[in-house]
2 protein chains.
Amino acid sequence: MLSHKAKYALKALLYLAQQEETHVSRTIEIAEAASIPKKFLEQILLDLKRGHFVGSKQGKFGGYYLLKSKNDITLADIHRLFDGAIALLPCASLNFYERCSDCVDESECLLRHGLITIREETLKAMEGITIASLVKK
Amino acid sequence: MLSHKAKYALKALLYLAQQEETHVSRTIEIAEAASIPKKFLEQILLDLKRGHFVGSKQGKFGGYYLLKSKNDITLADIHRLFDGAIALLPCASLNFYERCSDCVDESECLLRHGLITIREETLKAMEGITIASLVKK
DNA sequence: AATTAATTCTATAAAATTAGTAGAGTTTAA
DNA sequence: TTAAACTCTACTAATTTTATAGAATTAATT
């Protein structure tokens, strides 16, 4: 399941994607339009900025805008940024790989093979959903 | 990501699936073979029993055994039993549907459509992984 | 230079969830 | 009657999540 953070991030990105290219959106404006607690959204937008998904303009009349093309921001990206691994266990993850502490011999693990299959399928699906594809629908 | 509970449940089921059909396995035997804390495993096996995946024999020489065919226990089943919804948000879930509190009009939600697509794909993949398919690998 | 309105940053807190432990109770075979 | 197993309820500790608070910084305007 997605965390609230990831859900709010997606809603904020969808909001930004629906504005004119030149428009910068204030946090309060996004918060109200997408029903997100404002102070929480501040953190989320900073995370999105650090992830190079959005850019910001400081000071009066400042705000946020999409930095990446909406075609290049996928559900997988946002999941990874806020909720980490796509895979069901760290040992089956590409970007967040970690060995299981209770694992004796990873190559012998019956579970891992199946989980890698799931990750491949899920990732394919999640990379197919972009901010642009969501806005179009 | 899977919880430890779900992971342990799968490891326990894999252990049971590898025993002879007539064999009943004691909790301590499964715990040691699969490196699972014994008292924690007790709870998990009870959950699996309540979910009708395993059966038990009480008293001396008692233990657990597979109740369902290993072909009929899927990753999706175990995920749902221990970790709940497969979907990324409750509003996109079949079995754990719940409306988002911050949602104004669900039919207008841009996010939901995409998440339903993801759920369909993920579910298909997870239903394809059975205890039997894992043991064969 | 002062004011206003915005982002940025750090710390904190409350709530929920997860992971695991403890111990008494019940059942069954020998 | 005893031993060895499952069953059940309660509890605890740690972690993560979901925020909130407030000061600092930045930039445009007057």
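What you see is a predicted model, and the numbers here were worked out from it, not measured in a lab. Labels below follow one simple rule: chain letters A, B, ... track the order of the sequence lines, proteins then strands, and each chain is numbered from 1.
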N/O (side chain, B:Thr27) to phosphate O (OP1/OP2, D:dA5) under 4.0 Å:
no

B:Thr117 side chain to B:His113 main-chain N or O, any donor-acceptor pair under 3.5 Å?
yes

Under a 4.0 Å N-O cut-off, is there an ion pair linking A:Lys5 with A:Asp83?
no

When A:Ser25 and B:Asp83 are each assigned the nearest nucleotide of DNA chain C, the 5'-most assignment goes to A:Ser25

With a 4.0 Å cut-off, would you call B:Arg112 and B:Glu106 a salt bridge?
yes

Using a strict threshold of under 4.0 Å (side-chain N to carboxylate O), is an ion pair present between B:Lys124 and B:Glu120?
no

Look at the side-chain N and O atoms of A:Lys49 and state whether any lies under 4.0 Å from the OP1 or OP2 oxygen of C:dT8.
yes

Does the D:dT20 base have a donor-acceptor partner in the side chain of A:Gln43 within less than 3.5 Å?
yes

Taking the nucleotide of DNA chain D with the closest heavy atom to each, which residue, A:Lys60 or A:Phe40, is nearer the 5' end?
A:Phe40

Report yes if a side-chain nitrogen or oxygen of B:Tyr64 is closer than 4.0 Å to either non-bridging phosphate oxygen (OP1 or OP2) of D:dT7; otherwise report no.
yes

Quick note, B:Glu42 side chain, CB onward, closest among C:dC9, D:dC8, C:dA30 is D:dC8

side-chain N/O B:Ser56 vs D:dT7 OP1/OP2, d < 4.0 Å
yes

Measure from the side chain of A:Lys57, starting at C-beta and using heavy atoms only, and say which of D:dA28, C:dG23, D:dA19 lies closest.
D:dA28

A:Arg50 side chain N/O closer than 4.0 Å to the phosphate oxygens (OP1, OP2) of C:dT7?
no

Base, sugar-phosphate, or nothing for A:Gly59, non-hydrogen atoms under 4.0 angstrom?
base

Would one find a side-chain N or O of A:Tyr8 under 4.0 angstrom from OP1 or OP2 of D:dA19?
yes

Per atom distances to the B:Ser3 side chain, the nearest of C:dA19, C:dG23, C:dT8 is C:dA19

